[in-house]
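What's counted below: heavy atoms across the whole structure, side chains too, no hydrogens, waters or symmetry copies.
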Amino acid sequence: MTAEHSDQSLLSHVLLPVADEEDAESSSLALEPYAPERVTTLHVVEKGEGVPDKTPVEQSEDIAQAAFETVRQVFPDAEDRTAYRRDVVEAILEVAEDVDASAIAFRPREGGRLARFLSGGRTTQIVTEADRPVVVLPREGEGG
């Protein structure tokens with residue numbers, strides 16, 4: 001995010017990373033009350049880079065399409081992006097810069113401390129490594 005964009009509103013263009021259709025529904029409904037001006041939905045297909053992929057690429061792209069359609073039920077003009085990377089956090093940060101997002105908004109995934117430790121703490125990585133504001137959306141039953 002450049003200094004010239006620092007005067008844009010926090011929610012003028014939100015990047016909304018989603019994992020699947022269920023996450024897309026929960027995340028978009030959690031974001032809706034904040035009325036972002038523009039939304040770009042991101043799905044990261046985790047590519048192996050020398051190790052087997054978690055799911056076949058075609059299946060991952062189907063998951064992405066279903067997630068994009070779900071977000072459009074809440075934000076009809078939402079744009080979408082698919083990134084193919086091994087490092088999900090790097091992909092999120094790169095796409096945020098590429099689309100010049102004013103903020104990254106996401107719902108932390110389920111899991112206890114051990115799960116977060118084993119997964120490398122993606123929430124912590126995004127919050128500490130992002131060069132733009134990060135909005136952590138409340139899970140169902142939290143917040144407002």
Side-chain angles (χ1 to χ4, degrees), residues 1-2 5 8-144:
M1 174 178 259
T2 61
H5 298 293
Q8 68 184 164
S9 82
L10 178 64
L11 299 178
S12 63
H13 184 186
V14 174
L15 179 67
L16 185 67
V18 295
D20 55 29
E21 192 173 352
E22 182 180 335
D23 182 43
E25 180 179 15
S26 300
S27 296
S28 57
L29 289 174
L31 179 60
E32 184 180 30
Y34 304 100
E37 296 170 32
R38 182 176 166 202
V39 174
T40 296
T41 309
L42 170 65
H43 179 82
V44 180
V45 175
E46 293 184 69
K47 291 292 296 166
E49 295 179 8
V51 297
D53 295 337
K54 287 184 175 179
T55 56
V57 171
E58 192 170 285
Q59 183 182 353
S60 295
E61 291 174 341
D62 289 345
I63 291 169
Q65 284 305 314
F68 298 150
E69 290 170 18
T70 299
V71 171
R72 283 195 200 96
Q73 291 175 11
V74 178
F75 301 106
D77 296 328
E79 299 162 44
D80 58 67
R81 297 288 291 268
T82 304
Y84 301 85
R85 295 289 301 263
R86 181 168 173 77
D87 188 322
V88 173
V89 173
E90 270 185 32
I92 292 169
L93 300 178
E94 286 176 9
V95 171
E97 182 174 340
D98 190 42
V99 301
D100 195 24
S102 60
I104 300 166
F106 70 100
R107 288 180 54 250
R109 304 295 181 264
E110 297 287 331
R113 283 184 173 181
L114 180 60
R116 286 193 299 265
F117 175 75
L118 295 173
S119 70
R122 288 180 177 164
T123 297
T124 301
Q125 266 189 287
I126 292 171
V127 170
T128 58
E129 295 179 15
D131 64 350
R132 64 203 69 235
V134 176
V135 178
V136 179
L137 299 167
R139 286 194 249 214
E140 194 170 305
E142 295 179 349

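- With salt bridges taken as basic N to acidic carboxylate O contacts below 4.0 Å, one links D23 and R107.
- The local environment of CD in E22 is sparse, with at most 12 non-hydrogen atoms from other residues, nucleotides or ligands closer than 6.0 Å.
- Taken to the nearest 0.5 Å, the OG1 atom of T82 stands 3.5 Å off from the CZ atom of F68.
- Rounding to the nearest 0.5 Å gives a distance of 10.5 Å between CD of E25 and CG of D20.
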Q: Step by step, work out the side chain to side chain contact (heavy atoms under 4.5 Å, CB included) result for L137 and L16.
A: CA-CA 10 Å; L137 299 167; L16 185 67; 4.1 Å; yes
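- Interatomic distance, I92 CD1 to I126 CD1, rounded to the nearest 0.5 Å: 3.5 Å.
- Going from atom OG1 of T41 over to atom CZ of R81 covers 11.5 Å, rounded to the nearest 0.5 Å.
- The closest donor-acceptor contact from the side chain of R85 to the backbone of V44 lies at 3.5 Å or more, if one exists at all.
- Considering every non-hydrogen atom in both P133 and S102, the closest pair reads CD-O, 3.3 Å.
- Rounded to the nearest 0.5 angstrom, R38 CZ and E79 CD are separated by 4.0 Å.
- Across L15 and P17, no two heavy atoms sit closer than the pair O-CD, 3.4 Å.
- Here salt bridge (Lys or Arg N to Asp or Glu O under 4.0 Å) pairs that include residues 60-72, with residues two or more places apart or in two chains, are R72-D80.
- Side-chain atoms of H43 never come within 3.5 Å of backbone atoms of I63 as a donor-acceptor pair (strictly under, hydrogens ignored).
- Counting only heavy atoms from C-beta outward, the side chains of V136 and F106 approach each other to under 4.5 Å.
- In plain terms, the two heavy atoms of E37 and S12 that are nearest each other are CB-O, 3.4 Å.
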Self-check item: Stepwise side chain to side chain contact (heavy atoms under 4.5 Å, CB included) test for L10 and Y34
Solution: CA-CA 10 Å; L10 178 64; Y34 304 100; over 6 Å; no
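- A distance of 7.0 Å separates CD of Q125 from OG1 of T128, quoted to the nearest 0.5 Å.
- With I104 as the fixed residue, the side chain to side chain contact (heavy atoms under 4.5 Å, CB included) test singles out one of V127, V14, L93, L42: L93.
- Under a 3.5 Å cut-off, the side chain of S27 and the backbone N or O of A24 do not form any donor-acceptor pair.
- Pairing each heavy atom of E21 with each of T70, the nearest pair is CG-OG1, 3.1 Å.
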